[in-house]
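The chains referred to below are lettered A, B, ... by the order of the sequence lines, with proteins before strands, and numbering in each begins at 1.
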There are 2 protein chains.
Amino acid sequence: MNDPISDILQSKGLRATPVRLKVLEQFQGSDNAVSPKEIELRFDQIDRITLYRTLKSFEEKGIVHKIDDGTGTPKYAMCIDKCDEGHHHDDHVHFHCNDCGNTFCVEDVEVPYIKTPPKLKVAKTSIVMNGTCEKCQ
Amino acid sequence: MNDPISDILQSKGLRATPVRLKVLEQFQGSDNAVSPKEIELRFDQIDRITLYRTLKSFEEKGIVHKIDDGTGTPKYAMCIDKCDEGHHHDDHVHFHCNDCGNTFCVEDVEVPYIKTPPKLKVAKTSIVMNGTCEKCQ
DNA sequence: ATGATAATTGCAACAGCGTTGCAAAGGATG
DNA sequence: CATCCTTTGCAACGCTGTTGCAATTATCAT
């Protein structure tokens, strides 16, 4: 009944506090995955610890998902559709541009079925591509 | 002309020092990818900094490659065949077992061609699978 | 509204990983 | 043997992420 962003939080059982609203808002405003550090710098009066906790609870509640793009710096992006508490549907491909350093989800690429040795029980497959993004060509 | 392990080092232009021999030896002895921490604990009298530098130079010379298995802890494994200075052929699939925590290379799985939006120039594709390994079933 | 309850925040302090500078030790080479 | 360059080990630092704790704030029932 308030704004849509508050509603997202409340529907996940999280209180709509200023920090959370701000962080969530900037997730919606960007289509890149962002690192905790980037968020911290974007608002320069946010508490580092609170931010980490915010991201953690967002992840647990299925609001954002964590992306490991191979740079060593974890990034977060909003979950698109059916992410749920404790269950992420982030089986899409992630792309990391070596030029601009941005990382984003490639929605329109289908994750292929990969035939694996029958001895391995595969629960999840993560695919990260590196290269040059559209803007940097 | 000495032992094969020394030869590997010398052929890459690295001196065969005790630390390097020990580290390289244990890479050959295991088919798992190992973290710096694990190596450090395995020999309990190795200097942390020296180990990091050793791994770095091994990686630069194409002796080992770094694996990011999504756990946040980097791991290293020996390069199999055609790795070269500054050029890693590590386009195989990596598997991380959620039970035993081991990570290893799945040699016999072919990395599929994945059709991507033409706007993206893909240079490298990393695939990490999670699940249960043979031993842990 | 008001007060009780529980969640959230912010600070201090800490732990772990990885890096750099620098001096000492060790091999290679002439 | 003397020199030079590589490698090592120590000290110190920076960054990321965590925990404990007290203060604050939102929620909910009354």
Side-chain angles (χ1 to χ4, degrees), chain A residues 1-3 5-25 33-61 63-76 85 101 103, chain B residues 1-3 5-25 33-61 63-76 85 101 103:
Chain A
M1 36 199 86
N2 312 313
D3 68 308
I5 299 182
S6 292
D7 288 351
I8 294 175
L9 289 171
Q10 297 194 347
S11 74
K12 301 287 185 178
L14 292 174
R15 288 186 186 169
T17 63
V19 176
R20 286 178 178 161
L21 289 171
K22 268 184 8 181
V23 172
L24 190 47
E25 197 172 351
V34 290
S35 65
K37 192 72 190 173
E38 284 172 298
I39 301 174
E40 196 186 336
L41 294 173
R42 202 161 295 179
F43 324 105
D44 61 359
Q45 243 174 344
I46 198 170
D47 183 62
R48 214 165 51 90
I49 293 99
T50 303
L51 175 58
Y52 282 120
R53 286 195 273 227
T54 300
L55 292 172
K56 196 176 211 173
S57 60
F58 280 9
E59 195 190 1
E60 285 168 358
K61 298 296 181 178
I63 300 174
V64 301
H65 64 274
K66 196 184 202 169
I67 301 169
D68 189 339
D69 61 7
T71 60
T73 307
K75 308 230 165 72
Y76 292 85
E85 183 155 349
T103 299
Chain B
M1 35 199 83
N2 311 314
D3 68 307
I5 299 184
S6 293
D7 289 350
I8 295 176
L9 290 172
Q10 295 193 350
S11 74
K12 302 286 185 178
L14 293 175
R15 285 188 190 166
T17 63
V19 176
R20 286 177 178 160
L21 289 173
K22 267 184 8 179
V23 173
L24 189 47
E25 197 174 348
V34 290
S35 65
K37 191 71 191 174
E38 284 172 299
I39 301 173
E40 196 187 336
L41 293 174
R42 203 161 295 181
F43 325 104
D44 61 0
Q45 243 175 346
I46 198 170
D47 183 61
R48 213 165 52 90
I49 294 99
T50 303
L51 175 58
Y52 281 121
R53 287 194 274 228
T54 300
L55 292 173
K56 196 176 210 170
S57 61
F58 280 9
E59 194 190 0
E60 284 167 359
K61 298 296 181 179
I63 300 174
V64 301
H65 64 274
K66 196 185 203 171
I67 302 168
D68 189 338
D69 61 8
T71 60
T73 307
K75 307 227 164 74
Y76 293 85
E85 185 155 346
T103 298

Separation of atom [atom1] in [X] from atom [atom2] in [N], rounded to whole Å:
{"X": "B/Tyr52", "N": "D/dG9", "atom1": "OH", "atom2": "P", "result": "15 Å"}
{"X": "A/Lys61", "N": "C/dA7", "atom1": "NZ", "atom2": "P", "result": "10 Å"}
{"X": "B/Ile46", "N": "D/dT7", "atom1": "CD1", "atom2": "C1'", "result": "13 Å"}
{"X": "B/Leu51", "N": "C/dG18", "atom1": "CG", "atom2": "P", "result": "9 Å"}
{"X": "B/Leu55", "N": "C/dT19", "atom1": "CG", "atom2": "P", "result": "10 Å"}
{"X": "A/Lys75", "N": "D/dT16", "atom1": "NZ", "atom2": "P", "result": "12 Å"}
{"X": "A/Asp47", "N": "D/dT19", "atom1": "CG", "atom2": "P", "result": "15 Å"}
{"X": "A/Leu21", "N": "D/dA26", "atom1": "CG", "atom2": "C1'", "result": "12 Å"}

When the C1' atoms of the five terminal pairs at each end define the local axes, what inter-axis angle does the helix from C/dA1-D/dT30 to C/dG30-D/dC1 show, to 10 degrees? 30°
Does anything in residues 34-45 of chain B come within less than 4.0 Å of DNA chain C? Heavy atoms only, and list the residues if so. B/Pro36, B/Lys37
Kindly write out the residues that satisfy side-chain contact (heavy atoms from CB on, under 4.5 Å) with [X], not counting sequence neighbours, or none if the list is empty.
{"X": "B/Glu40", "answer": "B/Lys37, B/Ile46, B/Arg48, B/Leu51"}
{"X": "A/Thr71", "answer": "A/Asp69, A/Thr73, A/Lys75, A/His96"}
{"X": "B/Arg53", "answer": "B/Ile49"}

Can you tell me how far the [atom1] atom of [X] sits from the [atom2] atom of [Y], to the nearest 0.5 Å?
{"X": "A/Ile8", "Y": "A/Glu25", "atom1": "CD1", "atom2": "CD", "answer": "11.0 Å"}
{"X": "B/Arg42", "Y": "B/Lys22", "atom1": "CZ", "atom2": "NZ", "answer": "12.0 Å"}
{"X": "A/Leu24", "Y": "A/Ile63", "atom1": "CG", "atom2": "CD1", "answer": "6.0 Å"}

Please tell me if the side chains of B/Asp47 and B/Tyr52 come closer than 4.5 Å, counting only heavy atoms from C-beta onward. no
Please state whether the phosphate of D/dA26, meaning OP1 or OP2, lies under 4.0 angstrom from any side-chain nitrogen or oxygen of A/Thr17. no
Which of the following nucleotides, C/dT9, C/dT19, C/dG10, is nearest to the side chain of A/Arg20? C/dT9
Kindly point out which of C/dG18, D/dG17, D/dT7 is positioned nearest to the side chain of B/Arg48? C/dG18
List the residues meeting side chain to side chain donor-acceptor pair (under 3.5 Å) with [X], not counting sequence neighbours, and say none if there are none.
{"X": "B/Ser57", "result": "none"}
{"X": "A/Ser35", "result": "A/Glu38"}
{"X": "A/Arg15", "result": "none"}

Quick check: closest heavy atoms across B/Tyr76 and B/Leu55, and the distance to 0.1 Å? CE1-CD1, 3.8 Å
Which parts of nucleotides 21-30 of chain C does protein reach within less than 4.0 Å, heavy atoms only, written one letter per nucleotide 5' to 3' as B for base, S for sugar-phosphate only and - for none? B----BB---
